[in-house]
Amino acid sequence: MPKNTHKIALAGVATLGAAAVAFTVVPADAQTTTREAAASTRVAYSSEQITGVKAGITDQLAGSSVKVDAIEAKKKAAADAVKKAAAAKKAAAAKKAASAAAAKKAAAKKAAAAKKAAAARKAKAASRSAHRPQVKQVAVKTYSNNLDGWIRKSLDIMKSKGIPGSYSGLHRNIMRESSGNPYAINDWDINAINGIPSKGLLQVIPPTFATYHVAGTSWNIYDPVANITAAANYAAHRYGSIDNVNSAY
């Protein structure tokens, strides 16, 4: 039984004892009556009154105990709710912190990957630059627009095509055939009679020019370089080289 219940029960017993003493303290001349009355009172009421008082006190104590228990339970429930809310708040904060940390880590990882990719691209570009062959600037060769220039340009083309011949061989035959006139035309020999007169510096007939034309040169039979290279190509096939030609060919 709770301590409060013990205290209330003792108070009830003390009250009953005081009532019994009050009944026994009476004047001397009324002794018999008092004793009889007291005896009668003890027989008739003492047991039932004490029982009833005890029952009432017990009920009151039980009710108080229930109320106290209810209050304590309510307080405990409230404390548990506060504790639960605090735990939930703490868990939410921890979850938020974990999410933030994960996001930060992911961002750092992404930034590192981007940095690595940029470095790889830079290194690759540098490697390409290092291994890129250096283009050698070649000066474009120029030729004078005269017989000397035409012969020299023709010799460079002939060399690239594997056609034999020398400056002297070309110059000698040009001077014999046309005197260096790129528009010279023979209108009296057999070719002219046959309708295909010889033309140009080395007096080439149109069918021969078309057959031995050198790629990369003009298709105009009067073009000095085209005429020279076609004639030298024909001479190489028939005589071995233009240098071997010393007369009409």
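Index from 1, following the sequence. All values reported here derive from a predicted model rather than from experimental measurement.
- Side chains of Asn173 and Tyr249: a donor-acceptor N/O pair is absent below 3.5 angstrom, by distance only.
- The heavy-atom pair separating Ile163 from Ala236 by the smallest distance is CG2-CB, 4.3 Å.
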Ignoring hydrogens and angles, write down the donor-acceptor pairs under 3.5 Å from the side chains of residues 211-221, residues two or more places apart or on other chains.
{"residue": "Thr211", "atom": "OG1", "partner": "Pro207", "partner atom": "O", "Å": "2.9"}
{"residue": "His213", "atom": "NE2", "partner": "Thr217", "partner atom": "O", "Å": "3.1"}
{"residue": "His213", "atom": "NE2", "partner": "Thr217", "partner atom": "OG1", "Å": "3.2"}
{"residue": "His213", "atom": "NE2", "partner": "Ser218", "partner atom": "O", "Å": "3.1"}
{"residue": "Thr217", "atom": "OG1", "partner": "Val214", "partner atom": "O", "Å": "2.6"}
{"residue": "Ser218", "atom": "OG", "partner": "Asn220", "partner atom": "N", "Å": "3.0"}
{"residue": "Asn220", "atom": "OD1", "partner": "Tyr222", "partner atom": "N", "Å": "3.0"}

(request) Test salt bridge (Lys or Arg N to Asp or Glu O under 4.0 Å) on Asp80 and Lys84 and set out the steps. (result) CA-CA 6 Å; Asp80 289 343; Lys84 187 175 181 180; over 6 Å; no
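- If you check the side chains of Asn227 and Trp150, you find no donor sitting under 3.5 Å from an acceptor.
- Nearest approach of Ser198 to Ile205, heavy atoms of both residues: OG-CG2, 3.5 Å.
- At a cut-off of 3.5 Å, with distance as the only test, a side-chain donor of Asp156 or Tyr143 sits close to an acceptor on the other residue.
- Side-chain atoms of Arg172 and Asn246 form a donor-acceptor pair, as typed in the model, at a separation below 3.5 Å.
- For the atom pair Ile157 CD1 and Ile228 CD1, the distance stands at 9.5 Å (nearest 0.5 Å).
- The minimum heavy-atom distance linking Gly240 with Pro164 is given by the pair O-CG, 3.3 Å.
- For Val204 against Ala231, the heavy-atom pair with the smallest separation is CG2-CB, 3.6 Å.
- Ile196 is not connected to Leu201 by any chain of hydrophobic side-chain contacts under 4.5 Å among Ile, Leu, Val, Met, Phe, Trp and Tyr, and they are in different clusters.
- With hydrophobic clusters built from ILVMFWY side chains whose heavy atoms lie under 4.5 angstrom apart, Val225 shares a cluster with Tyr183.
- Side-chain contact annotation: Asn194 with Asn191, donor-acceptor N/O pair under 3.5 Å absent.
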